[in-house]
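Scroll down for the structure; my scribbles are underneath it.
Per chain, numbering begins at 1; letters A, B, ... match sequence-line order.
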Amino acid sequence: MKKNPYEILGISENSTDEQVKEAYRNLAKKYHSDNYSGGPLSEIARRKMEGIDDAYDTIMLTRRGTAGAGNSGYGNSNAHGKSYYKAGSQFSDIREKINARRIEDAETLLDGVPELSRDAEWYYLKGMVQHHRGWFDAAEKSYSRACDMDPDNLEYRSAYNNINGGRSGGYKTYNGRTRRQGSCNTCDICTGLLCADCCCECIGCDCIPCC
Amino acid sequence: MFGHIKPKRSELKIKDYEVYRGVYCSLCRELGKRYGIIGRMILNYDLAFLAIFQMSFSDDCPGFVMARCPFNPMKKYNYCKEATKPLIIAADTAVIMTYHKVKDNIKDGNFKTRFISIFILLFVRRIYAKARKKNPDIAGIVENTMESQQRIEADNISSVDLAAEPTAKALSLLFSYDYNNGDIKEISAHFGYCLGRWVYLIDAMEDIEEDIKTGSFNPYINAYCLTSDNKEKINIAREKAKGDCLQTSVEAIKAYELLEVNRFKDILDNIVFEGIEDETLKVYDGRKANEKKSI
């Protein structure tokens with residue numbers, strides 16, 4: 001059942017262009033390939049992001065006659081993950097196995113590589129295999145080793161940041177509201193000031209005369 | 001082991017709490033119908049969550065009615081009009097998991113736990129035989145989990161990944177049980193895996209000090225060579241465990257975000273986004289004195 005593009009972005013058909021862009025931005029932040037890089041759900045996330053890009057393009061095309069995804073600032077997010085990958089890797093067969101979800105086969109091939117040939121890419125692919133299995137501790141160590149051996153490689157860095165980022169908690173929710181302990185937003189500040197004013201009024205002063 | 005997956009009540013709207021309570025009470029009712037009064041006593045939050053999760057994908061709302069609680073006749077609660085398949089699965093799973101947990105306590109627990117567990121086993125054994133007959137698939141999943149867990153503990157490993165694997169795999173199978181849609185099954189399997197891993201790790205974090213005393217298996221004790229006199233090392237291990245729990249819960253959140261549920265979204269959002277992290281931090285800070293750990 002093909003979904004209405006407005007439904008995919010989670011907005012009504014009467015939304016302004018700005019609201020459409022805002023909805024696209026929020027979804028792109030959630031489903032960007034960097035958030036799922038190296039993990040077992042990266043393919044599903046990529047397809048979801050493709051659907052969101054298509055929905056955004058469809059809406060902008062009908063409204064303005066031009067596709068908008070290129071102007072959104074996130075570009076082709078589904079190509080984003082692939083652009084990190086250098087062609088001509090010595091482990092392209094292992095990469096293919098991982099992409100085809102044949103994790104055991106990929107691991108067998110990886111373990112067959114002699115220790116002296118285990119470069120940064122080997123550790124990155126090892127990390128991917130462990131990540132797919134759900135062995136996050138081992139995956140983090142492997143990605144870290146890959147980053148140490150090849151610090152400029154964005155693909156390895158992205159995978160490491162993705163898996164390491166969760167350690168401190170406080171993951172952003174859909175509307176960007178963090179749930180870190182002790183965080184304070186403008187609502188908290190206003191509420192605090194109002195409470196302070198009420199307390200002051202109780203003892204005879206009045207900080208904010210209009211409340 | 002049980003009772004960690006629950007909502008952060010302070011952030012839950014009252015209307016959502018009423019629905020959550022409705023599913024929880026419906027699970028109690030289903031346990032009572034299938035397994036009698038003993039069944040009702042093994043009700044727990046984690047399996048209420050499993051039921052809500054699976055019910056959230058159905059096209060039709062189960063519909064709720066109000067009726068009096070048999071344990072508290074002064075109060076009326078919401079119950080599902082009919083037993084949905086997820087409630088039935090959750091009820092069978094509760095009995096099977098409790099039976100195995102009790103047997104495990106008899107093997108590994110301290111004197112008091114063992115004594116109480118032997119007593120409970122006398123009652124649970126009969127309903128377990130019933131549950132096993134009604135749902136041999138789930139009985140098989142849990143049996144395999146217990147066997148794998150025992151093998152790992154016998155090897156006395158220090159890898160948290162391997163130690164958590166049996167519980168993680170069990171919940172992966174339970175959460176992806178019975179789906180036809182490929183993507184939903186795959187995402188639910190990974191979500192369940194992360195949740196199972198989190199349940200194991202949070203228990204391991206909570207039990208570090210006690211396990212040192214009783215000599216019970218704990219991957220953190222092995223990884224850090226912990227002894228009861230080295231408080232600094234224990235704190236380092238607990239800090240790592242907290243990080244592992246939070247990291248795992250974020251992976252669970254990312255999987256959950258790929259799902260499109262048809263109902264109960266606010267309750268599930270609360271549990272997944274708020275409840276799990278809240279529970280991790282509560283357990284890390286030390287459980288309050290009046291909150292007892294369930295079996």
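In this structure, the portion of A:Glu140 lying under 4.5 Å from any heavy atom of chain B is its side chain and not its backbone. Heavy atoms of A:Arg47 lying under 4.5 Å from chain B belong exclusively to its side chain. For chain A, the nearby parts of B:Lys240 are the backbone and the side chain; heavy atoms of each come within less than 4.5 Å.
Ranked by heavy-atom pairs shorter than 4.5 Å toward chain B, the options A:Arg167, A:Gln130, A:His132, A:Arg133 are led by A:Arg167. Comparing B:Leu258, B:Asp183, B:Ile187 by how many heavy-atom pairs each has under 4.5 Å with chain A, the most go to B:Leu258. The candidate with the highest count of non-hydrogen atom pairs below 4.5 Å against chain A, out of B:Asp244, B:Val160, B:Leu162, is B:Asp244.
Heavy-atom contacts from other residues, nucleotides or ligands closer than 6.0 Å to CD of B:Glu210 number 12 or fewer.
Remark: the backbone N or O of B:Ala255 is not paired with any side-chain donor or acceptor of A:Tyr36 at under 3.5 angstrom. Not a single donor-acceptor pair under 3.5 Å links the side chain of B:Glu186 to the backbone N or O of A:Leu41. For A:Asp137 (side chain) and B:Asp161 (main-chain N/O), no donor-acceptor pair under 3.5 Å exists by modelled atom type.
For the atom pair OG of A:Ser168 and NZ of B:Lys242, the computed distance is 9.0 Å after rounding to the nearest 0.5 Å. Between the SG atom of B:Cys194 and the CZ atom of A:Phe136 there is a distance of 3.5 Å, given to the nearest 0.5 Å.
Remark: B:Glu260 engages A:Lys48 in a salt bridge, criterion side-chain N to carboxylate O under 4.0 Å.
Between A:Pro40 and B:His190, the shortest heavy-atom distance links the atoms CG-CE1, 3.3 Å.
B:Glu251 has its side chain within reach of A:His131: a pair of non-hydrogen atoms, C-beta onward, lies under 4.5 Å apart.
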